[in-house]
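In this text, all values refer to a predicted model and were calculated from it rather than measured experimentally. Sequence lines set the chain letters: A, B, ... in the order given, protein chains first and strands last, and positions in each chain run from 1.
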Protein chains: 2
Amino acid sequence: MREAEPRAAAPLVGLAAAILAATLDEPRVLTVPVAGQPEGRGEGLPAGPLEPAHPTLERGLRAWVERQTGQSLGYVEQLYTFGDRNRRPGGEGAGGKGNGGQHALSVAYLALVREARPAADSAWQSWYRYFPYEDRRAGRPPSLDALTARLEAWAEAAPNPEERRRRGDRIGLTFGAAGSGWNEERVLERYELLFEAGLVPEAGAPDSLAGQAMAVDHRRMLATALGRLRGKIKYRPVVFELMPPVFTLGQLQRVVEALSGILLHKQNFRRLVAQQGLVEETDAVTAETGGRPARLMRFRREVLLERPAPGLRLPSSRAG
Amino acid sequence: MREAEPRAAAPLVGLAAAILAATLDEPRVLTVPVAGQPEGRGEGLPAGPLEPAHPTLERGLRAWVERQTGQSLGYVEQLYTFGDRNRRPGGEGAGGKGNGGQHALSVAYLALVREARPAADSAWQSWYRYFPYEDRRAGRPPSLDALTARLEAWAEAAPNPEERRRRGDRIGLTFGAAGSGWNEERVLERYELLFEAGLVPEAGAPDSLAGQAMAVDHRRMLATALGRLRGKIKYRPVVFELMPPVFTLGQLQRVVEALSGILLHKQNFRRLVAQQGLVEETDAVTAETGGRPARLMRFRREVLLERPAPGLRLPSSRAG
DNA sequence: CGGGTAAATGCTCATTTTGAGCATATATCG
DNA sequence: CGATATATGCTCAAAATGAGCATTTACCCG
């Protein structure tokens, strides 16, 4: 027999939010400056400690975000609770925590918003600033060559053949060398691999070939958020949380491409959206798109009641 | 500017595990007795507070589970961090926490194991003991009629037409009245709906038509675990964590059916498993299955390196 | 004003992937 | 031996997917 309620352990609990938006074909994340960080790691996610006054975790998060950025959140979803900052096999870990063996947890959230008015000293950044190799819309990013070369070197430097094979397998699996190609959802696995290989500033790398660093473990949280969002748009109509009330199919496609980092076949994309019943026509068109005027569409909320898994199953294709 | 590290908030942090297995065609969960609970809620999941001595959250969890049940864990995955036990709109909530405004978090995990030897005072229970309406292998469970009748009554009793419609929509969406049929992944949504409708003992219901209750919010955790597992088997080969080293395709199918709660078309199931390259033949057969002897198969680990999303996309069908 | 360019749309077609079933093989049981 | 039960092989039609071709309708440029 044991007690139903855990006894006191009194760890520190923080709340952090990866607040994502998509404006002008570019996926964005809301960042704030963070004091007391090493050179080049002064950017971070809005975050703050859980306080007794917070009625719930999520309400506490919203409070912190509003206080720090002025942004009010719509769609919010819990991502993961990070607990052990020094767990990385590489040892290094992120900034030490001088609280004598006390745990420092951080409950990370994903939030999707429409508006993009940077308030206070917060700023919207393209999320490919932090993960440049994740953007394949213009083809395989050139920086990937240098990156994978370093990864291969790291694999070669493994202490034993067993470990060398394991590392090689992971590289192939996450960066797509093996039979499988690129899987856009494995954002976190790629970041963790780069971390373990010591190729990110957070793990002691001297340069930021693998992207701009962030404070503490915030880049890990952001990677988790991107991976989750990239997966989720396939079976839930969450993209529409990022879209304005009316939009063209072309705009919708460019947002999806921006999020997933890959290009899609235009005609098939519209067919998919149409047959899923995700949108409906308005009687307006817009000529702002460049060529023939496009019809403005709106999200059909009813689809939530109709289909079991409404989303945009992205194909693997790439086309124009 | 703000501090990188959250200031002290000192909430209580607990760890809990939904440890699942599948033996003899029945999906199981490992439970322990919990003291100090109301009548009928003395069953719970292995759990304990996070302690400073725990190197990581997951290690802390493993330690508690071994101490309480003797079971050592293989596959472990974080599920969700529950923070606010009294958040339910219904007010009631689960057992009060007498710690003066202090938060009590609980980080819940999903674990998959093979062996099923109940140690100490822990016990393996069919998980349909807690969610009888989730088992549709023998067709639509009769108890569902009574349950949905009560749900409908609850919807009718809504304070206003707006809310009534909302409740009706949710019932249709989760229990499958609308165009969409039954979605086996919505375990948590169904439980939460029943909770809000006051139909589970945790929310004050006098009977357990909606299944056996559990201590504090453990049934919510279990529901989260089942939903996650049911979803995950479709795109990751996690079922094999539950299977013995060699097995027949029939056994594999029955385990998948037990987990998902629905029956599958046998020939199509084998075709799927085969063409996904998930298993390979051994040169042994077994005659223990009743009819013609079946070939024993084993999981092909290499598939993890080959396919992007190896899993068992369950069809919606039901057949023999 | 006519041609060039850029989307937006409409449709077609070959492949794959599903969902369902029929038919056959090979044990055990009474 | 015949009934029964599960394992396995194969077929077929319908639906979903991946790739393109062809048209429509703006705007821009000279």
Could you label the plane-to-plane angle of the B/Phe175 and B/Tyr133 rings as parallel, tilted or perpendicular, counting under 30° as parallel and over 60° as perpendicular?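 Aromatic pair B/Phe175/B/Tyr133 classed tilted.
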
Any cation-pi pair here, A/Arg140 with A/Trp182, using under 6.0 Å and within 45°?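 No, a cation-pi geometry is absent between A/Arg140 and A/Trp182.
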
Check this for me: does the side-chain of A/Arg271 come within 3.5 Å of the base of D/dG18 through a donor and an acceptor?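 A donor-acceptor contact between them is present.
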
Under the rule for ring pair (Phe, Tyr, Trp, His ring centres under 6.0 Å), what residues qualify as partners of A/Tyr109, not counting sequence neighbours?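 Not a single residue meets the ring pair (Phe, Tyr, Trp, His ring centres under 6.0 Å) criterion with A/Tyr109.
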
Under the salt bridge (charged side-chain N to carboxylate O under 4.0 Å, His left out) rule, collect the residues that match up with A/Glu77, sequence neighbours excluded.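 Salt bridge (charged side-chain N to carboxylate O under 4.0 Å, His left out) check on A/Glu77 returns A/Arg228, A/Lys232.
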
Check whether any side-chain nitrogen or oxygen of A/Arg295 sits under 4.0 Å from OP1 or OP2 of C/dT9, and answer yes or no.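 No, A/Arg295 has no side-chain N/O under 4.0 Å of OP1/OP2 on C/dT9.
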
Please confirm whether the shortest side-chain N or O distance from B/Lys266 to OP1 or OP2 of D/dT6 is below 4.0 Å.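 So the side chain of B/Lys266 is outside the cut-off, no N or O lying under 4.0 Å from OP1 or OP2 of D/dT6.
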
For B/Ser126 and B/Glu26, test the side chains for any donor-to-acceptor distance below 3.5 angstrom and give the result as yes or no.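 Per modelled atom types, B/Ser126 and B/Glu26 side chains form a pair under 3.5 Å.
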
Closest nucleotide among D/dT8, D/dT17, D/dG18 to the A/Asn268 side chain: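 My answer, after comparing the listed nucleotides, is D/dG18.
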
May I ask you to say whether B/Lys234 pairs ionically with B/Glu184, meaning some side-chain N is under 4.0 Å from a carboxylate O?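 Counted as a salt bridge, because a side-chain N and a carboxylate O are separated by less than 4.0 Å.
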
Expected rows: protein N/O vs nucleotides 26-30 of chain C N/O, under 3.5 Å:
unit_1: C/dT26; atom_1: O2; unit_2: B/Arg292; atom_2: N; d: 3.4

Tell me: CE of A/Met297 to C1' of C/dT9, nearest whole Å?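 My rounded result for the distance is 11 Å.
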
Let me know the distance between CG of A/Leu252 and P of C/dA7, rounded to the nearest Å.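 My rounded result for the distance is 17 Å.
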
